[in-house]
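For this chain, numbers begin at 1 and follow the sequence in order.
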Amino acid sequence: FHIKGKALNTMNLQFKKAESSDTSAISLLAQSIWKKYYPSIISLNQINYMLDKMYTPEAIQHQIKEGQEFTLVYANKKLCGYLAMSVKNKKKFFLNKFYVDADLHGKGIGKHLFDYVITQLKNPTSIELTVNRKNIKAINFYFKLGFTINRVADFDIGNGFFMNDFVMLKKF
């Protein structure tokens, strides 16, 4: 799958459904992304807690078994992002995770990854996601993809930490 475009003219993007053998690579990329991107949004203690809880190879393996389908994106054959989606109710989906290496933001990779995943869905009616209310860059990205803010929600994730999120929704 080759993408041609102004921002991507030197990148060859490839998409792949993640398998069990990919969980270590996803975990390493998550560690890198979270430690670069999130210190201005949440505390380092919360970052480490969330990485240990949700982004170890074992945790990712469990999420795959529970129905999250991970799609990986490679730029020039190097893993640079991933998206995880699950079915909520037949044609309603939940976007569990969506990350691209922070050094590659603004190059169209996230949009191409999202567009690719949408083409794999069978007549979706909606996609829901949660995003930290302080993550302005991601919120604006989701607006560009057609999401709207549906509600405000705070999720207790344990150990005294909360996810203070917007629940966003895209209808088709």
Can you name the nearest heavy-atom pair linking I109 to A75, along with the distance?
CD1-CB, 4.4 Å
Report yes or no: do N135 and Y37 form a side-chain donor-acceptor pair below 3.5 Å?
yes
Modelled atom types, side-chain donor and acceptor of K97 and Q68, under 3.5 Å
yes
About how many Å separate [atom2] of [Y] and [atom1] of [X], when rounded to the nearest 0.5 Å?
{"X": "I47", "Y": "N45", "atom1": "CD1", "atom2": "CG", "answer": "9.0 Å"}
{"X": "L79", "Y": "L29", "atom1": "CG", "atom2": "CG", "answer": "5.0 Å"}
{"X": "T119", "Y": "F15", "atom1": "OG1", "atom2": "CZ", "answer": "9.0 Å"}
{"X": "Y99", "Y": "I26", "atom1": "OH", "atom2": "CD1", "answer": "12.5 Å"}
{"X": "C80", "Y": "I33", "atom1": "SG", "atom2": "CD1", "answer": "8.5 Å"}
{"X": "L72", "Y": "K17", "atom1": "CG", "atom2": "NZ", "answer": "11.0 Å"}

So, [X] side chain and [Y] main chain: donor-acceptor pair closer than 3.5 Å or not?
{"X": "S27", "Y": "Y55", "answer": "yes"}
{"X": "Q14", "Y": "V73", "answer": "no"}
{"X": "H112", "Y": "G108", "answer": "yes"}
{"X": "T125", "Y": "K91", "answer": "yes"}
{"X": "D165", "Y": "V167", "answer": "no"}
{"X": "K170", "Y": "L145", "answer": "yes"}

Let me see the working for Q61 and S20 under side-chain hydrogen bond (donor to acceptor under 3.5 Å, both in side chains), right down to the final yes or no.
CA-CA 6 Å; Q61 184 68 43; S20 301; 3.1 Å; yes
[X] with [Y], same ILVMFWY side-chain cluster at under 4.5 Å:
{"X": "W34", "Y": "L28", "value": "no"}
{"X": "F143", "Y": "I118", "value": "yes"}
{"X": "Y142", "Y": "F94", "value": "no"}
{"X": "V87", "Y": "M85", "value": "yes"}
{"X": "F141", "Y": "I139", "value": "yes"}

Is any side-chain heavy atom of [X] closer than 4.5 Å to a side-chain heavy atom of [Y]?
{"X": "M50", "Y": "Y38", "value": "no"}
{"X": "E58", "Y": "H62", "value": "no"}
{"X": "M54", "Y": "Q63", "value": "yes"}
{"X": "Y82", "Y": "V100", "value": "no"}
{"X": "L95", "Y": "F93", "value": "no"}
{"X": "F147", "Y": "I127", "value": "yes"}
{"X": "L51", "Y": "K35", "value": "yes"}
{"X": "N159", "Y": "K53", "value": "no"}

Is the count of non-hydrogen atoms from other residues, nucleotides or ligands lying under 6.0 Å from [X] atom [atom1] greater than 12?
{"X": "K134", "atom1": "NZ", "result": "no"}
{"X": "K144", "atom1": "NZ", "result": "no"}
{"X": "K36", "atom1": "NZ", "result": "yes"}

Worked verdict on N96 versus T130 for side chain to side chain contact (heavy atoms under 4.5 Å, CB included):
CA-CA 8 Å; N96 304 86; T130 58; over 6 Å; no
Would you call K88-E128 a salt bridge at under 4.0 Å N-O?
yes
Below 4.0 angstrom, N of the basic side chain to O of the carboxylate: do R133 and D154 qualify?
yes
Determine the sole option in L113, V117, L129 for which the side chain to side chain contact (heavy atoms under 4.5 Å, CB included) test with F98 is passed.
L113
Which pairs pass ring pair (Phe, Tyr, Trp, His ring centres under 6.0 Å) with one or both residues in residues 151-172, sequence neighbours excluded?
Y49-F161
Criterion side chain to side chain contact (heavy atoms under 4.5 Å, CB included) on I64 and F70, from CA distance to verdict:
CA-CA 7 Å; I64 291 171; F70 283 71; 3.6 Å; yes
